[in-house]
Amino acid sequence: SHFKMTGPLKKQLLSGPIIQRLQEIKNEKDGRTMKKNDGKKVKNLSILKLTDAKKAGTNRSKECTLILTEGDSALALALAGLSVVKNDLYGAYPLKGKILNGEKANKKQWSDNTVIQNVVKILGLKHGVKYTSTKDLRYGHVLIMSDQDVDGFHIRGLVMSIFSSHWHELLSIPGFIQVMKTPLVKAFNRKRLIKEFFNEAEANAYQKQHPSYTFKYYKGLGTSTSNEAKEYFSNLDRYLFSMSGDTLLLKRAYGDDTMFRKELSSKVPEQNDGTTYDKFVNGAYASYVRADNIRKIPNVFDGLKVVQRKILYTFIKNKYRKEQKVAQMAGIIAKETQYHSGENNISKAIINMAQNFIGSNNLPLLKANGQFGTRHCGGDDHAAARYIFTELQDYVTHIFPEADLPVLSYTPVDGHMVEPDAFVPIIPWIFVNGICGLGTGWVSDIPPHNPLTLISLVKYMIQKQRSLRE
């Protein structure tokens, strides 16, 4: 037998002085760990992939700007731009995609995160210090260079959360946080640049008025050439702006206030310049929240996520008569539906849609011609996408009729009409295989149901001309 504490005794112990003291000891230990990673105002610093400003850590530190880029390709763009402004007062460091959220991270996560700790050391930040100026830092400004898509907006806020969580006073210093706003769309007449757009809605309206022009979409910073980077840095007054204003909404957006994110998702994102933290949250960040929920939570009409709908539409539209290699289909789908999140994600979605072991799909939409994973490993033991093949199941066009395609509304992406906004299946597909989606502020989880039962219920509703509630 063993002792098990329950009831009032357990509650009394958990709220008593022993647990409080243990928590204090843990906090002291975590605090010491964090202070070990404190930065210093030194002239020379060796950090992998850091291009340090020559004047960083000197008496001209407050004039220096650290460019934080979204990945290595954006770093290459920044380095091309430094050939214009030189790196006496400009340094650059690449972030690895979506960095740790400072507002939600505990002390251990914060201390163990290499990217965060490198940023702390590069800037010379000290934990527990309230900064009223930047004279004790290695850099006086932080310039965020992220993509102009919704994920880039999210990363912009994650960078801000580094400071709002531990040094929120820095966000109130004029010019400390700066943002590089690169064009989202460019209009060309042959090879001559006509106009730049920072908003997709304005670009679409202009495109309808000037159909003869060529329009190029710059969703990622890697799309810009080195010459275009030099153009951006030669005209920083046009492409750069400083953040200002109250940071309360920023802390709510990236903190534990789930209800705030739910409320934000129900509002239409504002079209604004994003120069204050409030404007950023209600505009760019709200756009991310809405887009994140659209792509991660399945549509109630067809029970499909965006990437699944792109896959299904490509297979139905192209009417493949033979099996297709998964890796090759990923490239075709990405091209035909303007998918921007990587072909690897499409390959994973294809594999999930074809899995047929118990606990995966009641009715897979695709055939598993090869090793698509087993129940033993939850499907993770599937073969690589380059080795396996797939094709539509024979019953798919009976559930998602081809005759519907001409009357469906379609999604515009980068000036192209791609997959439908939603299919209209013959039976409520959302219940067939079930759904699981974790968005921003919202989560959806519906278990799978017996397709034969669903068919019987649909027939009953049609014949009786009544809903199940009645």
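From a predicted model like this one, the values you see are computed outputs, not experimental measurements.
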* Asked: Do side-chain atoms of Trp110 reach the backbone of Leu100 as a donor and acceptor pair under 3.5 angstrom?
  -> no
* **Donor-acceptor contact below 3.5 Å, side chain Thr225 vs main chain Glu228** => yes
* Heavy atoms from other residues, nucleotides or ligands near NZ of Lys54 exceed 12 (cutoff 6.0 Å) -> no
* Using only heavy-atom distances, determine whether the side chains of Gln338 and Tyr217 contain a donor-acceptor pair under 3.5 Å. => no
* Between NZ on residue Lys107 and NE2 on residue His166, distance to nearest 0.5 Å -> 8.0 Å
* With Lys216 as the cation and Phe188 as the aromatic partner, state whether NZ or CZ is under 6.0 Å from the six-membered ring centre and within 45° of the axis. => no
* Structure fact -> Gly124 and Leu137 have their tightest heavy-atom pair at O-CD2, 3.7 Å
* **pair His416-Val413: side-chain heavy atoms closer than 4.5 Å** => no
* Asked: Between Leu408 and Asp421, is any pair of side-chain heavy atoms under 4.5 Å apart?
  -> no
* So does Lys317 have more than 12 non-hydrogen atoms from other groups sitting under 6.0 Å from NZ? -> yes
* Asked: If you measure from OG1 on Thr132 to CG on Leu170, what distance do you get to the nearest 0.5 Å?
  -> 9.5 Å
* To do: Assess whether atom CD of Gln371 is packed by more than 12 heavy atoms of other residues, nucleotides or ligands within 6.0 Å.
  => no
* Would one find more than 12 heavy atoms of other residues, nucleotides or ligands at under 6.0 Å from atom NZ of Lys49? -> no
* Does Ala422 offer a backbone N or O that forms a donor-acceptor pair with the side chain of Asp302 under 3.5 Å? -> no
* **Other residues, nucleotides, ligands: >12 heavy atoms within 6.0 Å of Lys62 NZ** => no
* Asked: Atom CD of Glu336 and atom CD1 of Ile332: how far apart are they, to the nearest 0.5 Å?
  -> 6.5 Å
* **Neighbour count above 12 (heavy atom, 6.0 Å) for Lys40 NZ** => no
* Might you confirm whether atom NZ of Lys305 has over 12 heavy atoms from other residues, nucleotides or ligands at distances under 6.0 Å? => yes
* Does any non-hydrogen side-chain atom of Lys348 lie less than 4.5 Å from one of Asn344? -> yes
* Asked: Do the rings of Tyr285 and Tyr288 sit parallel, tilted or perpendicular, given the 30° and 60° boundaries?
  -> tilted
* Asked: Are Asp273 and Lys279 within salt-bridge range, i.e. N to O under 4.0 Å?
  -> yes
* Asked: Just by distance, with hydrogens left out, do Tyr232 and Ser224 show a side-chain donor and acceptor under 3.5 Å apart?
  -> yes
* Output the distance between atom NE2 (His340) and atom NZ (Lys219), rounded to the nearest 0.5 Å. => 4.0 Å
* Asked: For the residue pair Asn293 and Thr440, what are the closest heavy atoms and their distance?
  -> OD1-N, 2.8 Å
* Asked: Would you say the side-chain atoms of Gln355 pair up with the backbone N or O of Phe372, donor to acceptor, closer than 3.5 Å?
  -> yes
* **Straight-line distance of Asp149 CG to Phe153 CZ, nearest 0.5 Å** => 7.5 Å
* Structure fact -> Looking only at heavy atoms, the pair that brings Asn199 and Leu184 closest together is C-CD2, 4.3 Å
* **Backbone of Lys135 reached by a side-chain donor or acceptor of Lys41 within 3.5 Å** => yes
* Checking Asp257 side chain against Ala253 main chain: does a donor-acceptor pair fall under 3.5 Å? -> no
* Test item: Leu366 and Ile350 side chains (from C-beta on) under 4.5 Å apart, heavy atoms -> yes
* **Asn118 backbone acceptor or donor facing Tyr93 side chain under 3.5 Å** => no
* Do Phe400 and Trp429 have ring centroids that are under 6.0 Å from one another? -> yes
* Asked: Any Lys/Arg nitrogen of Arg261 or Asp292 sitting under 4.0 Å from an Asp/Glu carboxylate oxygen of the other?
  -> no
* Under 3.5 Å, side chain of Ser146 to main-chain N/O of Gly152, donor-acceptor pair present? -> yes
* Asked: Should Lys251 and Glu103 count as an ion pair when the cut-off is N to O under 4.0 Å?
  -> yes
* Is there a donor-acceptor contact under 3.5 Å from the side chain of Lys319 to the main chain of Ile316? -> no
* Spacing of CG belonging to Asp151 relative to NZ belonging to Lys98, to within rounding of 0.5 Å -> 4.0 Å
* **Met353 and Thr390: CA distance, side-chain angles, deciding distance, side chain to side chain contact (heavy atoms under 4.5 Å, CB included) verdict** => CA-CA 10 Å; Met353 291 170 69; Thr390 191; over 6 Å; no
* To do: Report yes if the side chains of Leu312 and Leu392 come closer than 4.5 Å at any heavy-atom pair, otherwise no.
  => yes
* If you count the non-hydrogen atoms of other residues, nucleotides and ligands that lie under 6.0 Å from CZ in Phe301, is the total more than 12? -> no
* Is any side-chain heavy atom of Met243 less than 4.5 Å from a side-chain heavy atom of Phe176? -> no
* To do: Evaluate side chain to side chain contact (heavy atoms under 4.5 Å, CB included) for Met160 paired with Thr247, printing each intermediate quantity in order.
  => CA-CA 10 Å; Met160 296 175 189; Thr247 61; over 6 Å; no
* Mind checking whether Glu169 and Ile173 have side chains closer than 4.5 Å, heavy atoms only? -> no
* Asked: Distance under 6.0 Å and angle within 45° of the ring axis: does Lys181 meet both against Phe198?
  -> yes
* Asked: Would you say Asp414 and Glu200 make side-chain contact, with heavy atoms under 4.5 Å?
  -> yes
* To do: Would you please classify the geometry between the Phe423 ring and the Tyr313 ring as parallel, tilted or perpendicular, with 30° and 60° separating the classes?
  => tilted
* Asked: Hey, mind stepping through Arg138 and Asp52 against salt bridge (Lys or Arg N to Asp or Glu O under 4.0 Å) and telling me if it holds?
  -> CA-CA 10 Å; Arg138 297 187 73 248; Asp52 212 8; 2.6 Å; yes
* Donor-acceptor contact present, side-chain Glu270 to main-chain Asn282, <3.5 Å -> no
* **Residue pair Gln117 / Asn113, side-chain donor-acceptor N/O under 3.5 Å** => no
* To do: Kindly assign one of parallel, tilted or perpendicular to the pair Tyr213 and His210, based on the angle between their ring planes and the thresholds 30° and 60°.
  => parallel
